[in-house]
Every structure is written in structure tokens, then in C-alpha cells.
Undergrad: 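Supplied in C-alpha cells, the structure appears directly below.
Predicted model only: the values in this text are computed from it and were never measured. Proteins get letters first, then strands, A, B, ... in listed order; numbering begins at 1 in each.
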There are 2 protein chains.
Amino acid sequence: MKQNNDACEIFCINEKIVKEVKSSMLSDEEFFKLSENFKIISDSTRIKILYALSKKELCVCDLATILKMKQSAISHQLRILKDTRLVKFRKEGKIVYYSLIDKHVIKLLDMGVEHAKE
Amino acid sequence: MKQNNDACEIFCINEKIVKEVKSSMLSDEEFFKLSENFKIISDSTRIKILYALSKKELCVCDLATILKMKQSAISHQLRILKDTRLVKFRKEGKIVYYSLIDKHVIKLLDMGVEHAKE
DNA sequence: TGAATATATGAGCAGATATTCATATATATA
DNA sequence: TATATATATGAATATCTGCTCATATATTCA
């Protein structure tokens, strides 16, 4: 089958349907952003952190204890969650307490849990 | 900070809260499955395929045309979507038509889109 | 000021993943 | 049967990602 580097040049295409579906697609940028958002909750460590924080504000070492993981691993993931504005923090002395900003994400997680049950 | 390989041994832990949150966590296996599910929709190619198929049943080369990607790339991703039971297919001669099994996943995608708009 | 604690972060590594290329398989048709 | 088409798939590669280790930073307290 001949194809160039940019697109496919195959001959079985149903042009009408392709055109129709193409016009209803979102932009590449929108799809990319969407995938980036889901990427955040596609790692079980991050899901655990978000889930734990949905119950209570927690410091880094509490999270490390709950997840049975090293402090630095937790810190690295918290940075990602902070950068994507899913969590916020407040400092109390040398202890840093993290909490959820975005409860929307918990809805998504819950939907995933429901889905898994089916 | 001293830590062993299995867990953290730091001293700032709020035992009561840790115990409380710990008991409300899901199992590691559940978190893992959850992350696996979100992993499927954390790739923009797969999201595009699912989105396109939510509009209409499509063959592989139509998908390749719509996404402007090579046929083999689409086939590889379709296999993943097939293995995770998100899509099904029917053959009509040498053409293979794919369609959605799981409309639930589209709800998740839509929630993501809504979220992005906020 | 010095020591201890709590967290953050850079470098490096190991494992995962998406795409491409080449090719195999399956079907239709001349 | 031979050829062309449609799809599937294995291997190779490049990129990404999460964790660990070591260390830096910040804060508290003696």
C-alpha cells in the first residue's frame, strides 16, 4: 500500500463519511489538551495522592506513609499535581500541607471506579 | 532523612489522620486498574479514534485519513482499543469496520472537554 | 550558630509506549 | 492462479516517564 509521510493515500476511503466525521472532530490542540488531562490521572501514584487528599489535607510525609513510598517520589508527583493546578499547599513551619483544588477530578475518578464495576 | 526501602520512617507523621485516610483508601489493585483505564484515554491518537467512532462506524483507512496518520499506527492503536473492549469490528470482504462498544468512555471524554473549558 | 527535621529538586536509570518500516495475512477480482 | 488491495503485526527506535539517590533548601530549636 502506497502512503506518503503526511497522510494515507489508500483507495478504500469513503469520502463522504470521512468529510462528515472530519468536520465534527475537535482541533488537534483540543485533543492534545484532553490527553494531557487524562495523563495526569493515568498514574496510580497520582491517583492515590488525589484520592487521599480528597479525604483530608495531608503533609508530604503523611502521604509517603499512606502510600508506602519514598518522600522524594511523593514530592515529585506533588509537583506535577501542583503544576497542573490540581492541588495547592500551605506551609506550617517546616511542614507543607497539600490539599485538593480541583474536586472535578474526583468526579472523573469516581466515574472510572463505577465503570470498573460494570 | 532516613528511610528504608519499603516505607518511610520519618517522624512528622500524624498517626491518627494517616490511619483514618489509609482505611478509606481503595486497594492497590483497584487503583492500578483505575490508572490502566485512564491510560487508554491518555493518548491523543486513541482519543481521536474513539471520538471519530462515536460519530460513525469507520474502516481502518477512513480512520487513517481522518487522523492523517499511517495505517499501521492506526491498526496498532485499534488493537489496544479492541483488547480493552472499547471497540468492536465487523468484516465486510477485505474491509474491517470498527465501532464503539463502550459509550461510557465517551462520557468520560466529554467530562474532560467540559473540564477544559472551565 | 549548629544540628535536626521536612521538603524540593537535579541527574541518572530502567521500563513503558507510540510510531515507522517491512512484511505477513486475508480477500477480491481479473 | 496471479495481482492488487485492506489490514495486522513483529522488530527496531526514539521518546517519555516515574523512581531512586544524593543533595540542596528551609525551618525549628537547643
Undergrad: If we ignore hydrogens and angles and just use 3.5 Å, is the side chain of B:D43 paired with the main-chain N or O of A:S35 as donor and acceptor?
TA: no
Undergrad: Nearest whole Å is fine: how far is D:dT28 P from A:I95 CD1?
TA: 10 Å
Undergrad: Give a yes/no on whether any side-chain N or O of A:R46 is located under 4.0 angstrom from OP1 or OP2 of D:dG18.
TA: yes
Undergrad: Rounded to the nearest 0.5 Å, how far apart are CG of A:L100 and CG of A:D102?
TA: 8.0 Å
Undergrad: So which nucleotide does C:dA30 pair with, by the Watson-Crick or G-U wobble rule with both distances under 3.5 Å?
TA: D:dT1
Undergrad: More 5' along DNA chain D: A:S42 or A:G93, using each one's nearest nucleotide?
TA: A:S42
Undergrad: Look only at the side chain of A:R46 and the backbone of A:K39, and say whether a donor-acceptor pair between them is shorter than 3.5 Å.
TA: yes
Undergrad: Is the shortest side-chain N to carboxylate O distance from B:K55 to A:E20 below 4.0 Å?
TA: no
Undergrad: Measure the distance from CD1 on A:I80 to C1' on D:dG18 and round it to the nearest whole Å.
TA: 8 Å
Undergrad: Between D:dT27 atom C1' and A:R90 atom CZ, what is the distance in whole Å?
TA: 16 Å
Undergrad: Only counting residues at least two apart or in another chain, list the ones meeting ring pair (Phe, Tyr, Trp, His ring centres under 6.0 Å) with B:F89.
TA: B:Y98
Undergrad: How long is the line joining CG of A:L67 and P of D:dG18, in whole Å?
TA: 14 Å
Undergrad: A:Q71 side chain N/O closer than 4.0 Å to the phosphate oxygens (OP1, OP2) of C:dT5?
TA: no
Undergrad: In the structure shown, which nucleotide is the Watson-Crick or G-U wobble counterpart of D:dA30, with both distances under 3.5 Å?
TA: C:dT1
Undergrad: At less than 3.5 Å, do the side-chain atoms of A:S72 and the base atoms of D:dC21 form a donor-acceptor pair?
TA: yes
Undergrad: Atom NZ of A:K94 to atom P of C:dA6: distance rounded to whole Å?
TA: 5 Å
Undergrad: B:S75 has a side chain; which of D:dA8, C:dT27, D:dG18 sits nearest to it?
TA: D:dA8
Undergrad: Answer yes or no: does a side-chain N or O of A:K70 lie under 4.0 Å from OP1 or OP2 of D:dC19?
TA: no
Undergrad: Between C:dT9 and A:H76, is there a base-stacking contact, meaning the centre of the base's six-membered ring lies under 5.5 Å from the residue's ring centre while the planes stay under 30° apart?
TA: yes
Undergrad: So if I take every side-chain heavy atom of B:A73 and compare against C:dA6, C:dT19, C:dT9, which nucleotide ends up nearest?
TA: C:dT19
Undergrad: Counting N and O atoms only, with roles assigned by atom type, does the side chain of B:D62 sit under 3.5 Å from a partner on the main chain of A:N14, one being a donor and the other an acceptor?
TA: yes
Undergrad: Please tell me if B:K91 has a side-chain N or O lying less than 4.0 Å from either OP1 or OP2 of C:dA26.
TA: no
Undergrad: How many whole angstroms separate atom CG of B:L63 from atom P of C:dA18?
TA: 17 Å
Undergrad: Give a yes/no answer on whether the side chain of A:Y98 brings an N or O atom under 4.0 Å of OP1 or OP2 in C:dA8.
TA: yes
Undergrad: Could you state the CG-C1' distance from A:L78 to C:dA8, rounded to the nearest angstrom?
TA: 10 Å
Undergrad: Please report the distance, rounded to the nearest Å, between CG in B:D43 and C1' in C:dT19.
TA: 10 Å
Undergrad: Give a yes/no answer on whether the side chain of B:Q77 brings an N or O atom under 4.0 Å of OP1 or OP2 in C:dT19.
TA: yes
